[in-house]
Amino acid sequence: MRVDVLTLFPEVFEPALQSSIPGIAARKGIVSYHLHNIRDYSLEKHHKVDDRPYGGGPGMVLRCEPAFRAYEAVRAMDERPGRLLLLTPQGRRFEQAVAREFASSPRLILLCGHYEGFDERIRVGLPAEEVSIGDYVLSGGEIAAMVIIDAVVRLLPGVLGHEESAQKDSFSEALLEHPQYTRPPEFRGMAVPEVLLSGNHGRIEDWRKAQAALRTQDRRVDLLTCLDEKQENG
Ligand code: 6GU
């Protein structure tokens with residue numbers, strides 16, 4: 001997969017994309033990241049990318065020309081058209097099913113806004129899908145873009161050493177994770193559940209499934225309701 005990011009702050013992506021799973025995926029050659037500064041595509045003499053909103057009001061708005069020119073130049077860098085994602089709190093809510101959908105694309109182009117927003121003609125004039133990572137306001141799309149890249153890249157075949165998620169049935173995948181323990185067997189009076197030390201893989205699997213169900217029931221009943229609806233709808 002090829003990932004292009006159009007941003008005013010390309011430097012904030014470097015550590016996130018070089019570390020942990022996103023970094024491993026790149027080193028394995030499964031994904032390549034390409035960072036582009038929108039400012040480089042501004043035709044203004046001081047490479048200004050924002051301007052005051054028509055009609056007045058606080059804040060600044062991302063101008064059309066640098067955004068369109070950046071997108072068009074970047075799109076032409078590779079023959080695969082890919083999907084253009086516009087990061088905005090007004091977008092479609094990003095969730096695991098959307099991550100799986102994006103993971104099937106050979107290319108993603110993420111356009112990060114800053115300031116108070118995008119000129120409306122960027123939304124209308126570019127073939128963009130607007131995406132939000134949740135109901136809160138971030139100062140810019142960069143952190144949201146990193147969230148999306150991380151969630152998508154870890155789904156690409158060969159990225160995770162253990163292809164466990166492929167083995168997991170759809171039921172357990174829809175639940176919260178069961179508790180995990182590692183050595184020592186007792187720490188400050190807190191013991192590891194006996195079943196995990198038993199070596200009985202059948203019992204361990206049953207215990208984990210039960211714990212995941214309990215935890216989901218306790219903390220996120222909405223996930224169970226959602227699962228029921230999915231099963232009813234086939
Ligand atoms: Cl994608 N952008 C911004 N600025 N804020 C957000 C968001 C995106 N998703 C949730 N809040």
Side-chain angles (χ1 to χ4, degrees), residues 1-17 19-22 25 31 33-42 48-72 74-75 81-105 107-156 219-220 222-223 226:
M1 172 184 275
R2 175 181 169 120
V3 176
D4 290 282
V5 183
L6 285 66
T7 168
L8 295 166
F9 301 94
E11 67 282 359
V12 309
F13 286 86
E14 297 281 357
L17 299 183
S19 314
S20 189
I21 303 291
V31 65
Y33 307 115
H34 307 264
L35 304 174
H36 314 276
N37 197 329
I38 299 170
R39 193 172 300 281
D40 296 341
Y41 296 91
S42 169
K48 236 176 78 121
V49 290
D50 60 326
D51 209 340
R52 302 198 313 271
Y54 276 125
M60 300 291 269
V61 174
L62 183 65
R63 298 169 48 237
C64 285
E65 155 241 309
F68 276 74
R69 293 186 75 247
Y71 168 68
E72 283 156 3
V74 166
R75 187 190 51 190
R83 293 169 83 140
L84 173 62
L85 311 179
L86 201 62
L87 285 315
T88 148
Q90 280 109 49
R92 169 190 185 198
R93 172 80 68 89
F94 182 72
E95 47 185 58
Q96 193 64 22
V98 184
R100 280 193 288 266
E101 191 188 310
F102 290 169
S104 69
S105 176
R107 186 181 186 191
L108 297 175
I109 305 176
L110 297 97
L111 176 54
C112 304
H114 237 264
Y115 311 109
E116 296 310 303
F118 298 91
D119 187 303
E120 185 65 15
R121 294 164 293 187
I122 297 172
R123 303 174 201 285
V124 175
L126 290 181
E129 305 172 52
E130 295 176 50
V131 183
S132 161
I133 63 162
D135 290 337
Y136 35 80
V137 179
L138 302 172
S139 310
E142 282 76 18
I143 292 172
M146 288 188 268
V147 166
I148 291 173
I149 293 168
D150 187 302
V152 168
V153 162
R154 66 199 309 289
L155 296 176
L156 299 177
R219 304 182 186 185
R220 293 290 307 276
D222 60 301
L223 293 179
C226 178

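Bear in mind that the values here come from a model prediction, so they are computed numbers and not experimental data. For the single chain, residues carry numbers from 1 onward in sequence order. First listed ligand is number 1; within each ligand, the first listed atom is number 1.
Of all protein heavy atoms, the one closest to atom 9 (N) of ligand 1 is Ile133 N, 3.0 Å. For atom 10 (C) of ligand 1, the closest heavy atom belonging to the protein is Gly134 O, 3.0 Å. Protein heavy atom in closest approach to atom 5 (N) of ligand 1: Leu138 N, 3.1 Å. Ranking protein heavy atoms by distance to atom 11 (N) of ligand 1, first place goes to Tyr136 O, 2.6 Å. In this structure, atom 2 (N) of ligand 1 lies nearest to the protein heavy atom Pro89 CD, 3.6 Å.
Within the 3.5 Å criterion, the main-chain N or O of Pro66 finds no donor-acceptor partner in the side chain of Ser42.
When only interatomic distances are considered, the shortest N/O to N/O separation between Val137 and ligand 1 does not fall below 3.5 Å. Polar contact check, Ser139 against ligand 1: no nitrogen or oxygen pair lies under 3.5 Å apart.
Of all the heavy atoms of Ala144, the ones lying under 4.0 Å from any atom of ligand 1 belong exclusively to the side chain. Residue-level proximity to ligand 1 for Asp135 is absent, since no heavy atom of it falls below 4.0 angstrom.
Applying the side-chain hydrogen bond (donor to acceptor under 3.5 Å, both in side chains) criterion to Glu120, with sequence neighbours excluded, gives Arg123. Partners of Glu101 by side-chain hydrogen bond (donor to acceptor under 3.5 Å, both in side chains), not counting sequence neighbours, listed by chain and number: Arg83, Arg92.
Note that OG1 of Thr7 and CD of Glu142 are 3.5 Å apart. Values are rounded to the nearest 0.5 Å. The structure places CZ of Phe9 at 7.0 Å from CZ of Arg39, a figure rounded to the nearest 0.5 Å.
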Inset, instruction - Could you walk me through whether Leu62 and Val49 pass the side chain to side chain contact (heavy atoms under 4.5 Å, CB included) test, one step at a time? - result: CA-CA 6 Å; Leu62 183 65; Val49 290; 4.1 Å; yes
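Atoms of ligand 1 found under 4.0 Å from any heavy atom of Val131, numbered from 1 in the order shown, are 1 (Cl). Each of the following atoms of ligand 1 lies closer than 4.0 Å to a heavy atom of Leu87: 1 (Cl).
Ion pairing of Asp4 with Arg75 is absent here, as no side-chain N (NZ or NE/NH1/NH2) approaches a carboxylate O to less than 4.0 Å. The residues Arg63 and Glu65 are annotated as salt-bridged, a charged nitrogen and a carboxylate oxygen being separated by less than 4.0 angstrom.
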